[in-house]
Protein chains: 2
Amino acid sequence: MSTPVQRRRASISDVARLAEVSVGTVSNVLNRPDRVSPATRDRVLGAIEDLAFVPNGSARQLRAGTITTAGAIVLDVANPFFTDVARGIEDRLTQDDFTVMLASSDEDPAREARYLRLFEEHGVQGVMVVPSTSDIEHLLTVRRRGIAVVLLDRPSPVESLSSVAVDDVAGGEMAVQHLLELGHERIAFLNGPHSIRQCADRWTGAVRAVTAAGLDPADALVEVTIPSLNADGGEQGTRELLAMDRVPTATFCINDLTALGALRTLRAEGVSVPHGMAVVGYDDVSFAAELSTPLTSVRQPTHQLGFRAADLLLAPADAPAEQITFQPELVVRTSSTGLDPA
Amino acid sequence: MSTPVQRRRASISDVARLAEVSVGTVSNVLNRPDRVSPATRDRVLGAIEDLAFVPNGSARQLRAGTITTAGAIVLDVANPFFTDVARGIEDRLTQDDFTVMLASSDEDPAREARYLRLFEEHGVQGVMVVPSTSDIEHLLTVRRRGIAVVLLDRPSPVESLSSVAVDDVAGGEMAVQHLLELGHERIAFLNGPHSIRQCADRWTGAVRAVTAAGLDPADALVEVTIPSLNADGGEQGTRELLAMDRVPTATFCINDLTALGALRTLRAEGVSVPHGMAVVGYDDVSFAAELSTPLTSVRQPTHQLGFRAADLLLAPADAPAEQITFQPELVVRTSSTGLDPA
DNA sequence: ACCTCACTGTGAATCGGTTCATATACGATG
DNA sequence: CATCGTATATGAACCGATTCACAGTGAGGT
């Protein structure tokens, strides 16, 4: 015998009928049990049990107007950086009995818009978004409709929007400065499109470091734009790099996944790291220290990032927007210095 | 000036009033534009624009009864194995214009139940679940209420439930058999609780391999139960292992994250891999090949797993349930053989 | 001039809950 | 014994969309 499937979900009035009470009473049992006499309550609970009744969230929400759910849109759920952030979000929201719907935009503005709309239609309390484009007008529109919006991993350009970010200019600067101090004079930057703010900012930081060292960015920095910010992107970028006339001696990667792809390719091509090519990543993901060549990387407070973002989302609607910026930290390992970190 | 926030979301009747038509007409513009004259349609669209109207999903869904959303509950979103699976799910659902809500249960049945209920209340079309306990009665209950349920990474014990899984007994067996062939006679297994099916099955496979080799499992296999299936769990388990009287010569880890923690700890304690301790992981995550000691691991078709699960979820409600099982594959690297995989 | 039919648009019923003004019963109080 | 307050239960209005039976309009056919 296969499991029988119910014809229709039981509704509150089915429960009321079975328990021989009014629908109002059933609703009271659900939401204010103390106002119902124990005898009636038990009868209603029995009926709920018998019918396997699950309240219809849409109906409840339609009447109540709001739900304890928030949405989060990140660029890529397969990137440990974003899942760590998501983890921070979840940890904070759980404290207030909120739940999170997680989605990834794949750096595609259309997908981002689609999820944003889905969340809005379902009446989420707020959304946390890592924007996939520099244009945030659509987010302001959502904000104006009364939905909390927190920019993730990207400072807000306007005061009215809350944001939680890490200083990416500083991060880019410290990474490149580190490579310059090691004597590199021609540094590649495997970067994503500048429409993604993090990419633009880290580039700015890189240029600043080079300029501060008295070098000409046009000569000392080689930007390679990769199609996707993951290991495959890193592989493609690295191949492009190795085919150049004047191959750089160091590579700064927009994130550790990209660096992973770079390391993989360099090894396949027989280029030693860091002597043939120094590599610096970004994010300091959990496995960065355990790679064949432990990876120098820029660490960001991922969990904090998500946690604080959720904090801001839960703030009262009339609280002023807040822009939080964390500072990154360079973690030096073998992939740049050649020294065993030990 | 801060961004003004609207008092109340515009509703379809606000639009109707402004456009001087009935609510039915507005609804038609939204859902069957061809039945409305161009002039009226434009007037309505103008009003929608002016009011920044976004239809209320709850109301729509309440009336329509169903939505194009599915839920997925995995053990841990921070584990690349599950995010790769999630990726497969998303890729399939996107084809049918479905969206996914992703949540992680943290191996906690209470959290799993909470998300399950949340999804159900919101009327998802179906859910894909990696169960955090061997008891799946609650999932059958959900199924009986007419919601599609697909077991993820775990074969269904009953015919009426669809499932997509990998043969974990075979996976456990091939991993341990590999270690036995290398001459190890005392093998540790850093495992999670047997209430998680994958853990129980891989254990069964391990025992089978040992028995087939003519050894006594009670002596040749040392099971260490770790508190969480991640790097921290691997670290704790490894420390426990190293403190034993007869320290095993090889360790089989329940997943690559755990193996990562094991490798980290072994290095910190000065134990060489594989000569002091051979290590085999499970999942073959993206970075397994790039670790300081490239990790021997059992590969699973992650993306396929998610993709097919989503496939089954989208199957017509009256289609028979289906149980799909994939075969795992051992990927041998340095962490067990000591040989450079080249 | 009359009948059909396609095309548009209307407005009320409906989905399943929550909420609140109102009704009833009953013990306590003066 | 009349009055009051408390505890409990009721049922109708409402949230915002979809849907459908029905009505009005005008072109085309006879």
Side-chain angles (χ1 to χ4, degrees), chain A residues 6-45 47-48 51-68 117-118 120-124 145-146, chain B residues 6-45 47-48 51-69 117-118 120-124 145-147:
Chain A
Q6 247 174 241
R7 192 182 325 274
R8 197 177 55 84
R9 272 173 80 164
S11 79
I12 199 172
S13 56
D14 297 325
V15 174
R17 201 172 312 123
L18 183 60
E20 297 180 303
V21 295
S22 72
V23 293
T25 301
V26 177
S27 177
N28 280 334
V29 169
L30 257 30
N31 304 298
R32 307 189 212 68
D34 48 305
R35 292 199 197 163
V36 181
S37 75
T40 314
R41 194 191 311 154
D42 289 348
R43 201 145 35 86
V44 172
L45 290 175
I48 288 177
L51 295 172
F53 167 72
V54 175
N56 181 320
S58 306
R60 169 180 303 196
Q61 186 186 333
L62 173 58
R63 186 63 235 257
T66 165
I67 47 170
T68 55
R117 189 183 170 93
L118 180 83
E120 186 171 3
E121 286 187 358
H122 281 72
V124 297
R145 295 201 199 104
Chain B
Q6 246 172 244
R7 194 183 323 275
R8 197 177 57 82
R9 273 173 78 166
S11 80
I12 199 172
S13 56
D14 296 326
V15 174
R17 201 173 312 123
L18 183 60
E20 298 178 304
V21 296
S22 73
V23 293
T25 301
V26 178
S27 178
N28 279 334
V29 168
L30 258 29
N31 303 299
R32 307 187 211 66
D34 48 306
R35 292 201 196 162
V36 181
S37 73
T40 314
R41 195 192 310 154
D42 289 348
R43 201 145 36 87
V44 172
L45 290 175
I48 288 177
L51 295 170
F53 166 72
V54 175
N56 182 322
S58 305
R60 172 185 307 218
Q61 185 184 336
L62 173 59
R63 187 61 235 261
T66 164
I67 46 170
T68 54
T69 297
R117 189 184 170 92
L118 180 83
E120 186 171 2
E121 287 187 358
H122 282 72
V124 296
R145 296 200 198 103
I147 293 172

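No hydrogens, no waters, no symmetry mates; every other heavy atom, side chains included, goes into these values. So that the names make sense, note that chain A is the first sequence line, chain B the second, and so on, each numbered from 1.
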Asker: 5' to 3' on DNA chain D, which nucleotides open and close the contacts with chain B (atom under 4.0 Å from a heavy atom)?
Answerer: D:dG16 to D:dT19

Asker: Expressed in angstrom and rounded to an integer, what is the separation of B:R60 atom CZ from C:dG16 atom C1'?
Answerer: 18 Å

Asker: Which pairs with one or both residues in residues 21-44 of chain B pass salt bridge (Lys or Arg N to Asp or Glu O under 4.0 Å), sequence neighbours excluded?
Answerer: none

Asker: Using a 4.0 Å heavy-atom cut-off across all strands, classify A:V26 as base, sugar-phosphate, or nothing.
Answerer: nothing

Asker: Using nucleotides 20-22 of chain C, report all nitrogen or oxygen pairs with the protein that are shorter than 3.5 Å.
Answerer:
none

Asker: To the nearest 0.5 angstrom, please state how far the CG atom of B:N28 sits from the OG atom of B:S37.
Answerer: 11.0 Å

Asker: If each of B:R63 and B:E20 is mapped to the nucleotide of DNA chain C with the nearest heavy atom, which maps nearer the 5' terminus, i.e. the 5' end?
Answerer: B:E20

Asker: Quick check: on DNA chain C, is the nucleotide nearest B:R41 upstream (toward 5') of the one nearest B:L62, or the reverse? Name the residue that is more 5'.
Answerer: B:R41

Asker: Using side-chain hydrogen bond (donor to acceptor under 3.5 Å, both in side chains) as the criterion, list what pairs up with A:N31, not counting sequence neighbours.
Answerer: A:S27

Asker: Which heavy atom of A:L118 sits nearest a heavy atom of B:T69, and at what distance?
Answerer: CD1-OG1, 4.3 Å

Asker: Give one of base, sugar-phosphate or nothing for B:S37, where a contact means two heavy atoms less than 4.0 Å apart.
Answerer: sugar-phosphate

Asker: Please identify each residue that fulfils side chain to side chain contact (heavy atoms under 4.5 Å, CB included) with B:E121, with sequence neighbours left out.
Answerer: A:V54, A:P55, B:R117

Asker: For B:S27, report the nucleic acid contact type (base, sugar-phosphate, nothing); a contact means any heavy atom under 4.0 Å.
Answerer: base

Asker: Between B:R145 (side chain only) and A:A52 (backbone N and O only), is there a donor and an acceptor less than 3.5 Å apart?
Answerer: yes

Asker: Just jot down the salt bridge (Lys or Arg N to Asp or Glu O under 4.0 Å) partners of A:R17, sequence neighbours excluded, or say none.
Answerer: A:D14

Asker: To the nearest Å, give me how far apart CG (B:D34) and C1' (C:dT8) are.
Answerer: 12 Å

Asker: Got a sec, which residues hit side chain to side chain contact (heavy atoms under 4.5 Å, CB included) with A:S22, two or more places apart in sequence or on another chain?
Answerer: A:T25

Asker: Tell me: CG of B:N56 to P of C:dT14, nearest whole Å?
Answerer: 21 Å

Asker: How would you list, by chain and number, every residue that makes a side chain to side chain contact (heavy atoms under 4.5 Å, CB included) with B:R63, sequence neighbours excluded?
Answerer: none

Asker: Can you name the residues that form a side-chain hydrogen bond (donor to acceptor under 3.5 Å, both in side chains) with B:T68, not counting sequence neighbours?
Answerer: none

Asker: Test of understanding: with side chain to side chain contact (heavy atoms under 4.5 Å, CB included), list the residues that count as partners of B:I48, not counting sequence neighbours.
Answerer: B:V15, B:L30, B:V44, B:L45, B:F53

Asker: Determine to 10° how strongly the helix from C:dA1-D:dT30 to C:dG30-D:dC1 is bent, judged from the axes of its five-pair ends.
Answerer: 50°

